[in-house]
Structure formats: structure tokens, C-alpha cells
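Worksheet: one structure, shown below.
Here the structure is a predicted model, which is why all the values come from computation and not from measurement.
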Amino acid sequence: WVQIDEIGHPNLDATNLQNWRPLGQITTLDEYGRPLESRDQINVYSSILYGYNRFNKLIPVAQAVNAQQHEIAYDSFDDYTYFTAGSNYATGHFDFQNALSSNVTISNSQRHSGVSSLSVNNGSTAASTGSITKTTNCVEPPYSYSLGYFKVDSCMCVKPFAPVRGKDYFISLWVKGNAVNSTTGNYSDVTVTITYNGSVQTNTFPPTGQQIDGWQRIDGKFTIPSTATDITVSLKNTSAVDGAKAYFDDIRIHPFIAGMTTTVYDPETLLPMATHDGYNFTTYYGYDENLMPVRVRVETINGIQTISE
């Protein structure tokens, strides 16, 4: 809260609580009491996703402005086994855990940033499915007391990734394939497809832009159909060559008019290894044996450049 203290303001009165205005409100907290979503005085939402140990959610991995928590998604594939046995893995806000198989694995040999990426064998697909939010309107306040009991409203629940019907979104990720189109210079054997239950609409996004250290970006805008009930994001390796693997990393989705930044960490020290800006380009950090920062490199369309060492 902040006091209205502008000289000449018609409601200026330091002795009256009605003359205070809220600067913001925390709208969603997790089970540990950490804020996941907030709203400022002009109803603009900000949200955070936590990762690294899906049970304890140790550190923030994604932050967005002008987006609610259930509207953003991010997966760096770096914390799937962080202090957690595979059979006890807790499904995250948005991930491809259920897609893992003999043809879809976590690779430690290739990565765009961090320590891992998702490896998909030729002719295979990794898919993640989530629900669609029908409306963003919740009854406020969503509180009900009866006979000493507190009744939880659905608006109070922490939701997984669930974009909103009829709203525009933006997807971005990095891929590394095998076959390159000789005309465009783009990978021709990797795509991302978004499909929906309740709608025949399909959105397909190929890689475009400059290849940087063998990685190329996929990005694009899409609109959730008004009749959709579920959304499925599919990472496809369309190669027909046996043994040809495709790699996917740093995938994120957010409302088209939102801004989003993400971070990956060293799984042992939990120091940030890289951050991704609003365009999903990366700043890499290096440390010495005393864990002091010694190097900063930036990913650009002209390659990775060292800016301090």
C-alpha cells in the first residue's frame, strides 16, 4: 500500500485509511508460501515458475510480465533427475516427462544451454498435453467460510500450463537436426506441431534464422481455438535415416503480448549457467574453481561473442 500524498489530490488525508491505494496484490502462492503470481494496480499480471527438484521447487527458472502463471510454460530438460529417482519424478508445470521412452531420452552430450537437452530418434515424436482454460474470469473474493471450515475455490488452486481460449500465444525453442535445406539453410528434419482436442486446427513451425553452433531457433505465433479443450505440443524428428537424432532445448510458451525471461542452473552449485532474454537468446556465465564469475558470453545472430573475461 502507498499513501496518497500528492498536494492538491482531492482525497489527500493522512489520517484516513481510505486514502491509501494498493500498489499490487499477490494472487497465487505455492505450498511453501512463495509468490507465483501477482497483479499490479492497473491489473497487469506477473508470474514465476520454479524448478530444480519438482517437489521442493528450489529456484525460479522463468519469469513473465503481462501473463498469468497458468499461461506460461518452460522446459530446459536440465532438472529431470535432480535429486529425484526416475520413478518418483514429480510432473512439473509443463514438461515432456511422460514422453520419455527408448526413442525419447534426456541427452547430456548435446545442449543449447545448461547440461541437457531432449533427444528424439528418427521417425519419433515427443509430446506434452495440457488443458485449455475456458475463461480467465474468477469470482472474487473466492473465499467461503462455513461452520469453521475454509472452502477452497477453484480460482485458488495452482494450475499447470493451461492457455486461454481465443488468446494469442508465442512459442520459442532451439533445435539441432541433421538434414539441412540447401536453399534456405534451415533444418528440414525437425518441426514443432501444436494440435488441439475439440478443434481441427494445427500449427506447424519449422526452424528459421541463423544456425548458431549447430542450433537453430523455432518460433511462431498461434491462437488457441475457441472450441479447444486440450493442447498438445509435439517435437518431431521426421528424418528417415536410421540413427539420426534430433535435439530440442529451452522450449517456452507465453502470451503473445507478454515478456518472458528464463534461467538454467548448474545442478551441483545452483549457480546460473545461462539466462535467456525476451527473444530466447542466451547469455552464458563461466566460473572459476572458487565459483567466482570469470566469463560472460552472449549469443547473437553472428554467433556467440565473449563480452567479458
Side-chain angles (χ1 to χ4, degrees), residues 27-28 30-31 36-37 39 43 45-51 54 57 61-62 64 66-75 77 80 89-101 103-104 118 120 124-140 142 144 151-173 190-206 218-238 248 251-258 260 262:
T27 55
T28 304
D30 66 11
E31 62 269 40
L36 298 178
E37 180 185 286
R39 184 177 59 206
N43 290 325
Y45 283 90
S46 298
S47 51
I48 299 176
L49 297 179
Y50 287 86
R54 300 302 175 88
K57 304 177 181 69
V61 296
N66 202 25
Q68 292 187 260
Q69 197 251 1
H70 67 85
E71 292 187 285
I72 62 175
Y74 173 63
D75 198 353
F77 308 104
Y80 276 43
Y89 179 87
T91 301
H93 183 77
F94 168 84
D95 60 39
F96 291 82
Q97 168 68 18
N98 292 331
L100 296 181
S101 65
N103 291 316
V104 179
L118 188 70
V120 179
S124 299
T125 298
S128 178
T129 299
S131 298
I132 299 293
T133 300
K134 297 180 181 179
T135 176
T136 58
N137 296 325
C138 280
V139 178
E140 294 188 2
S144 176
K151 184 179 180 180
V152 176
D153 187 276
S154 61
C155 291
M156 302 176 66
C157 297
V158 177
K159 299 177 182 178
F161 175 60
V164 180
R165 283 179 177 177
K167 194 167 183 178
D168 295 333
Y169 287 83
F170 192 80
I171 185 171
S172 175
L173 69 154
V190 287
T191 60
V192 174
T193 301
I194 300 177
T195 54
Y196 311 88
N197 283 341
S199 173
V200 298
Q201 176 178 314
T202 298
N203 303 106
T204 300
F205 304 99
I218 291 178
D219 59 15
K221 176 185 176 183
F222 63 97
T223 303
I224 305 297
S226 60
T227 58
T229 57
D230 295 287
I231 179 174
T232 298
V233 180
S234 300
L235 312 180
K236 298 184 176 182
N237 179 352
T238 60
F248 301 82
I251 178 172
R252 62 195 203 181
I253 303 173
H254 57 79
F256 184 72
I257 59 173
M260 188 174 185
T262 50

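No donor-acceptor pair closer than 3.5 Å links the side chain of S131 to the backbone N or O of A162. A donor-acceptor pair is defined here as one N or O able to donate and one able to accept, closer than 3.5 Å; such a pair exists between the side chain of N237 and the backbone of V120. A donor-acceptor pair under 3.5 Å is absent between the side-chain atoms of T204 and the main chain of T193, judged by distance alone.
Closest approach of F248 to K236, counting heavy atoms only: CZ-O, 3.6 Å. In terms of heavy-atom proximity, I72 sits nearest to H93 at O-NE2, 2.9 Å.
Counting heavy atoms from C-beta on, the side chains of I253 and I171 come closer than 4.5 Å. The shortest side-chain heavy-atom distance between I251 and L235 falls under the 4.5 Å cut-off. With contacts defined as side-chain heavy-atom distances shorter than 4.5 Å, the pair P163/I231 qualifies. Contact of the I48 side chain with the Q69 side chain is not registered, since no non-hydrogen atoms from C-beta on lie closer than 4.5 Å. Within the 4.5 Å cutoff, no side-chain heavy atoms of T223 are placed close to those of N203.
Evaluation of the side chain to side chain contact (heavy atoms under 4.5 Å, CB included) rule for I257 yields N66 as partners, not counting sequence neighbours.
Using a 30° and 60° split on the angle between ring planes, F96 and F77 fall in the tilted class, from 30° to 60°. Using bins of under 30°, 30° to 60° and over 60° for the plane-to-plane angle, the ring pair F222/Y196 lands in the tilted bin.
In the model, Y169 has a side-chain atom that pairs as donor or acceptor with a side-chain atom of E71 under 3.5 Å.
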Checking side-chain contact (heavy atoms from CB on, under 4.5 Å) for the pair D95/F161: CA distance, chi angles, key distance, verdict?
CA-CA 10 Å; D95 60 39; F161 175 60; over 6 Å; no
